[in-house]
Engineer: 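Below: one structure in structure tokens.
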Amino acid sequence: MSSQQWVTVLGSTGSIGTSTLDVIALHPERYSVYALTAHRSRDVLLAQCLRHRPQIAVLNSAEDGQWLRHELASAGLNTWVETGVEAHNTVASASCVDIVMAAIVGAAGLLPALAAAQSGKRVLLANKEALVMSGALFMQAVEQSGATLLPIDSEHNAMFQCLPLQHRGGLAEHGIEQLLLTASGGPFRGWGPDALANVTPAQACAHPNWSMGRKISVDSATLMNKGLELIEACWLFDATPQQICVVVHPQSVIHSMVAYHDGSVLAQLGNPDMRTPIAYGLAWPERIDAGVKPLDLFQVARLDFESPDEQHFPCLRLAREAMQAGGTAPAILNAANEVAVQAFLEEGLGFISIGDIVASVLDQATIGNVDSLETVLDADRHARQLAQQYITQRCR
Ligand code: NAD
Ligand code: MG
């Protein structure tokens, strides 16, 4: 049994953050919470502080911070409250922290996740956007600091479990033919353009198998999530886009597979519950209870597979092309997508237009080399402005 470890949960009030705290609560002898961070959900953060008693809590605005300080003091808790964007980076890199769960959604999660990677932590990476935006810099930071990077995205976690322990340096070197990235197909699998044109945010956020935050739910519905995951897999496992085959598997029981040169295909199966990859990341290479019910194969009964529909769901192709183009293209794709998804959620943009906006921004923006974090952040800013312009034109 390993000794007590200190954990920072970035984005603790979200879907992944909450599941992480559920797993941690099952193992009080192994894990203590050092810091919990959130954007604005101060009520949820307060409840989490009362339950998990972190040393530090972080919120973005000074006003929310003041409120939380007052509530914590009234409850007799001495949790220290920090505010501001940089406080997330500070608690991700604090010297006493062993494990950082990077579960902020979107580009906002990049700097804190990078801070954890640069300071040599065990980084449990849920925030796929960080790798999509700055894969080369992120992997370099992990290498240089000796951080341990464990993928939490269920597909990448599955691949990690099916790969040889030492898998860096190119798939072919390790006898690997292909990575089979599974996709549920989302709530609109099989739908045609007429039906897709009228999709509402509520429909897009009702995923058939997984319960997730709103942004990733929309990404799953457009298949952009699979595109972002393809890019994520390229960076994590030194793969090319051609070495990754997306397989639609509507039951979400196989979480991904690795095909070897000798014809073997290894798969990881389980109920669609993020507590499994989270527990794996927390305890690796040990296995601990995740609170997940065992998989009942007789109840599952059948597993189906089909090809993705890239004609009606162009985002997967756009992401693959952005990875092939390289440089800042994936950061541009990601930024345009975040702005378009936000506009869709606020009911200002049609579902089908999300892909159109991303395509237009990729066409228009200048793709540069990623030589520093600044170039990535500049590309992100510029792509957001372009996307906003296209959306304003469309919605006028
Ligand atoms: P969510 O929307 O439920 O939660 C997001 C969290 O990030 C919240 O705690 C929120 O307060 C915080 N946050 C949002 N904006 C912020 C900002 N500007 N600054 C600081 N904190 C901010 O999202 P989620 O579904 O938990 O997803 C989190 C990440 O994990 C995403 O990158 C997603 O792609 C990835 N992921 C999620 C799942 C899942 O099942 N939910 C699965 C795989 C990967
Ligand atoms: Mg996933």
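Ligands are counted one by one from 1 in listed order, and the atoms in each one are counted from 1 as well.
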Engineer: Tell me, please: is K215 in heavy-atom contact with ligand 1, that is, under 4.0 Å?
Structural biologist: no
Engineer: Hey, can you tell me if F188 and W191 have their rings parallel, tilted or perpendicular (30° and 60° cut-offs)?
Structural biologist: tilted
Engineer: Please evaluate residues R394 and D356 with respect to the criterion salt bridge (Lys or Arg N to Asp or Glu O under 4.0 Å), reporting the C-alpha separation (whole Å), side-chain torsions for both, the decisive distance (0.1 Å), and the verdict.
Structural biologist: CA-CA 11 Å; R394 248 167 215 262; D356 296 342; 3.5 Å; yes
Engineer: Which of the numbered atoms in ligand 1 are below 4.0 angstrom from a heavy atom of S12?
Structural biologist: 9 (O)
Engineer: Under 4.0 Å from any heavy atom of A126, which atoms of ligand 1 are there?
Structural biologist: 30 (O), 32 (O), 35 (C), 36 (N), 44 (C)
Engineer: Taking only heavy atoms of T13, which atoms of ligand 1 are found under 4.0 Å from at least one of them?
Structural biologist: 8 (C), 9 (O), 10 (C), 11 (O)
Engineer: Check E129 with K215, please: is the shortest side-chain N to carboxylate O separation under 4.0 Å?
Structural biologist: yes
Engineer: Report, in ascending order of atom number, the atoms of ligand 1 lying under 4.0 Å from any heavy atom of H88.
Structural biologist: 20 (C)
Engineer: List ligand 1 atoms under 4.0 Å from A38, heavy atoms only on the residue side.
Structural biologist: 11 (O)
Engineer: Quick check: does any side chain N or O of K121 sit under 3.5 Å from a backbone N or O of A94, one acting as donor and the other as acceptor?
Structural biologist: yes
Engineer: So with a 6.0 Å cut-off around CD of Q203, is the heavy-atom count from everything else above 12?
Structural biologist: yes
Engineer: Quick check: does R40 get an N/O under 3.5 Å from an N/O on ligand 1?
Structural biologist: no
Engineer: Consider side chain to side chain contact (heavy atoms under 4.5 Å, CB included). Of V7, V9, I16, which one does L21 pass it with?
Structural biologist: V9
Engineer: For I16, take its heavy atoms, then give the atoms of ligand 1 lying under 4.0 Å from any of them.
Structural biologist: 26 (O), 30 (O), 37 (C), 38 (C), 39 (C), 40 (O), 41 (N), 42 (C)
Engineer: In terms of residue, atom name and distance, what is the protein heavy atom nearest to atom 19 (N) of ligand 1?
Structural biologist: N60 ND2, 3.3 Å
Engineer: What part of I104 sits under 4.0 Å from ligand 1 if we count only heavy atoms: the side chain, the backbone, both or neither?
Structural biologist: both
Engineer: Going by distance only, is there an N or O of M212 that falls short of 3.5 Å from an N or O of ligand 1?
Structural biologist: no
Engineer: May I ask you to list the atoms of ligand 1 that are less than 4.0 angstrom from any heavy atom of N127?
Structural biologist: 32 (O)
Engineer: If you round to 10 degrees, what value do you get for the angle at the Mg ion (ligand 2) between D153 atom OD1 and E229 atom OE2?
Structural biologist: 90°
Engineer: So F237 and H167, would you call those rings parallel, tilted or perpendicular, with 30° and 60° as cut-offs?
Structural biologist: perpendicular
Engineer: Would you call R168 and E173 a salt bridge, using N to O less than 4.0 angstrom?
Structural biologist: no
Engineer: Can you check whether S154 has an N/O within less than 3.5 Å of an N/O in ligand 1?
Structural biologist: no
Engineer: Are any of the N/O atoms on T37, whether in the backbone or the side chain, positioned under 3.5 angstrom from an N/O atom of ligand 1?
Structural biologist: no
